[in-house]
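From a predicted model like this one, the values you see are computed outputs, not experimental measurements. Chain naming here is simple, since letters A, B, ... match the order of the sequence lines and numbering starts at 1 in each.
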Protein chains: 2
Amino acid sequence: MTDTPARIGTAPTLHDVAREAGVSLATASRVLNGSTRKVAEAYRERVQTAADRLGYTANVSAQAIARGTSATVALIVADIADPYFGQIASGVAHAAEEAGLIVTVAMTERDPRREVALVRALRGQRPRGIVLAASRDASGDADALTAEIAAVQSTGGRVVTLGSALPGTRVIAYGNEAGAHELGERLAGLGYRSSVVLAGPEGLRTSDDRLAGFTAGFAAGGGSAPRVERGQISRDDGFASMTRLLQEGVDPGTLVFGISDVVAIGALSALRDAGRQPGRDIAVAGFDDIATGRDITPGLTTVRLPLEELGAQALHAAVDPDWTAPAPVDLDVLIRESTPGL
Amino acid sequence: MTDTPARIGTAPTLHDVAREAGVSLATASRVLNGSTRKVAEAYRERVQTAADRLGYTANVSAQAIARGTSATVALIVADIADPYFGQIASGVAHAAEEAGLIVTVAMTERDPRREVALVRALRGQRPRGIVLAASRDASGDADALTAEIAAVQSTGGRVVTLGSALPGTRVIAYGNEAGAHELGERLAGLGYRSSVVLAGPEGLRTSDDRLAGFTAGFAAGGGSAPRVERGQISRDDGFASMTRLLQEGVDPGTLVFGISDVVAIGALSALRDAGRQPGRDIAVAGFDDIATGRDITPGLTTVRLPLEELGAQALHAAVDPDWTAPAPVDLDVLIRESTPGL
DNA sequence: GACTTCTGCTCCTTGGCCCCC
DNA sequence: CGGGGGCCAAGGAGCAGAAGT
């Protein structure tokens, strides 16, 4: 391919291509990047040939700086290894690919304070948009975050939040509270009366909303106010909370609501490890409907979130100039064997 | 924060900071990016203050073009929603964070031909390194890929492959064949004599190596040559292959080896859906030890791969100038309830 | 004479404008 | 007159060498 590798240690530049083809920089640029202006077929071919021979690839950094905008979108998640974020990221990446954009990923590692630092760092890329998928802590440094977001927007970047709204940003809303409300009501309808919620840290929007919705719904269905245990929203913390709970004693017939599927799945494992029979003995429900939920036993009752779809929507919100907030996705409650009813 | 938002629509530049602080561009640059040359404390402070006041963040594109290298590492996976890749990505992202690098993610969507296109596209970023985590198809356009890789390297970028070696690249090796060999031998030792391997497409290195290792090991332990079913390496294809297999008839006591955990987990679900009892009736084993494996029942027999650790190693290989190939990680066989023995 | 600061050039690409056929 | 090619400045930042105190 590269029989004329240009100078070693340096990628061939547009300059190299132009010289090789015997045309001007401008002409080469017009051929290789679909400008509006036309170039005669003969020239076009010469340039293309030269580019192929040299193995030329446009330097995106240079393009970004010349065009004043980069073909990049940043995605901030809590932990990319968490299937919830993995599926969202997949949706974002897929849609980005179709839009010809490159995705940059950063993780907060569940520390809400890191989010500000990440937005700041990512801002250096002058990304087309930033998707904030990690749930935000209400107690975090909201002012600093707001300032960073404003800074991103002042450079033409769009900020999109998934789930919990943030002033001045585009939001992909999905009814956490309503979904959890229906879940609570349906489960109460199955006969459950006492429940425990394995929630996230107090102040975490997603968790707070789901907790509130569930509590109200469960009560509406005739259940009593749930006991609340807190931990991080992770499989391991779900496991730990459930283990702790079991040591303190949990009555058979109790319903355990994991604030998200990963938490619920951790709880299921804890139950099993303790010799209890998840489903029959103690019921468990989650939220999100991550793919893993199909493969565990008993099947996990949950509220379905079209994660990949949400990711794709977030990407579009980040790049479409004339985006209008779509109707909030409606969530379906999926009753499975982990809550057979009393 | 930004009480002097500079011109609207544009991020503050180094120029703005220098003017605000009343110093030269060079001085401002040296303060804000740790050059080797020193700047008097008084100036340093003035510059820093001005930068903070303006909310200045270096334009990484401009830096990349000026320095000739970007603080970026690209990661190519098959599908970020797949927990296997998710955990690897987590390791990469974590290590990148510590090294002050930004990670760009692209997915091949399991089409090996897309890999070439992605490397080419990502090459435009002039990344410090590219980590190829998606398994390669031997039948793919090896020449084109080799050319792209050479191009990346000629610009000072390092290419790292995970698992399957590729000429001229740094490799994070882990003994697929040896691990599968031991797995096969151990399982034969548990009494299994007939087996089916749910493999990936023929030519896919990871799959081929594991298949070969398993076949040899299973034979060494007294088992007979396995039947081979093929599909993509995904949960859904594992499910589909197993379903097909069951329709054709599978004898109780058969061992099913899913070429990776996701495949094995799909097979487990297919068995369950068909009313068979995974574990007792038909045994199942996987490979990778993804986190999900802990939460399914029966526990999945598998070969442990320290995925996040491998991801971190890959990142280091991509950035450390004087990197030396670490000893290949040794893999542990984990026998769980999905293969109780005959 | 020893530092530190400043000036000027460079990186790679795009886009406006001029000019030629 | 119009289609199409070429020249040149801009865009944000780094680095080497010259100049300042």
Side-chain angles (χ1 to χ4, degrees), chain A residues 6-7 9-48 50-51 54-72 123-127 154-156, chain B residues 6-7 9-47 50-51 54-72 123-127 155-156:
Chain A
R7 295 145 289 171
T10 322
T13 71
L14 189 60
H15 218 97
D16 298 328
V17 176
R19 181 152 31 76
E20 178 88 4
V23 301
S24 73
L25 264 176
T27 304
S29 173
R30 289 199 267 261
V31 171
L32 298 172
N33 76 18
S35 113
T36 44
R37 291 181 52 169
K38 288 183 178 174
V39 174
E41 193 52 39
Y43 280 82
R44 153 162 270 106
E45 208 162 303
R46 266 165 55 195
V47 172
Q48 195 59 61
L54 296 175
Y56 171 78
T57 299
N59 182 325
V60 297
S61 293
Q63 293 194 131
I65 176 174
R67 294 207 250 245
T69 169
S70 74
T72 292
R123 183 149 78 76
Q125 288 191 77
R126 305 289 184 268
S154 80
T155 72
Chain B
R7 294 145 290 173
T10 321
T13 72
L14 190 59
H15 218 97
D16 298 328
V17 176
R19 180 154 31 77
E20 178 88 4
V23 301
S24 74
L25 261 177
T27 302
S29 172
R30 287 199 270 270
V31 170
L32 299 172
N33 76 19
S35 117
T36 44
R37 294 163 71 159
K38 288 180 179 174
V39 175
E41 191 52 38
Y43 281 83
R44 151 163 271 105
E45 208 162 302
R46 264 165 57 195
V47 172
L54 296 174
Y56 171 78
T57 300
N59 182 325
V60 296
S61 292
Q63 292 194 135
I65 179 176
R67 292 207 250 247
T69 171
S70 70
T72 290
R123 182 149 79 75
Q125 287 192 77
R126 306 288 183 267
T155 72

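Between the OG atom in A:S24 and the NE2 atom in A:H15 there is a gap of 10.5 Å [rounded to 0.5 Å].
The nearest heavy atom of DNA chain C to B:A40 and to B:A62 marks one nucleotide each, and the one closer to the 5' end goes with B:A40.
Between B:Y43 atom OH and D:dG20 atom P there is a gap of 15 Å when expressed in whole angstrom units. In this structure, A:Y56 atom OH and C:dC12 atom P are separated by 10 Å, rounded to whole Å. One can place CG of B:N59 at 18 Å from P of D:dA10, the figure rounded to the nearest angstrom. Rounded to whole Å, the distance from NE2 on A:H15 to P on D:dC7 is 10 Å. Between the CD atom of A:Q125 and the P atom of D:dA13 there is a distance of 15 Å, given to the nearest Å. When the P atom of C:dC11 is taken as reference, atom CG of A:D16 falls 11 Å away, rounded to whole Å. Separating the CZ atom of A:R44 from the P atom of D:dG4 is a distance of 11 Å, rounded to the nearest angstrom.
You'll find the side chain of B:L14 reaches within 4.5 Å of the side chain of B:L25, heavy atoms only. In this structure, A:I65 and A:R126 have side chains that are not in contact, with every pair of non-hydrogen atoms separated by 4.5 Å or more. The closest side-chain heavy-atom distance from B:E20 to B:V47 is not below 4.5 Å.
For B:S24 and C:dC6, the shortest distance from a side-chain N or O to OP1 or OP2 is below 4.0 Å. Between B:T27 and C:dC6 there is a side-chain polar atom (N or O) within less than 4.0 angstrom of OP1 or OP2. Here B:Q63 does not reach the OP1 or OP2 of D:dG12: none of its side-chain N or O atoms lies under 4.0 Å away.
Scanning both residues, A:R123 and B:G55, for their nearest heavy atoms gives NH2-O, 3.0 Å. Minimum interatomic distance between A:Y56 and A:T13 (heavy atoms only, all atoms of both residues): CE1-C, 3.5 Å. In this structure, B:P127 and B:S70 approach most closely via the heavy-atom pair CA-OG, 3.8 Å.
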_Using a 4.0 Å heavy-atom cut-off to protein, can you give one letter per nucleotide of nucleotides 15-21 of chain C, 5' to 3': B if the base is in contact, S if only the sugar-phosphate is, - if neither?_
B-B----

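Residue B:L14 is classed as a sugar-phosphate contact, given heavy-atom separations below 4.0 Å to backbone atoms only. Across all strands, A:A64 comes closer than 4.0 Å to no nucleic acid atom at all (heavy-atom distances).
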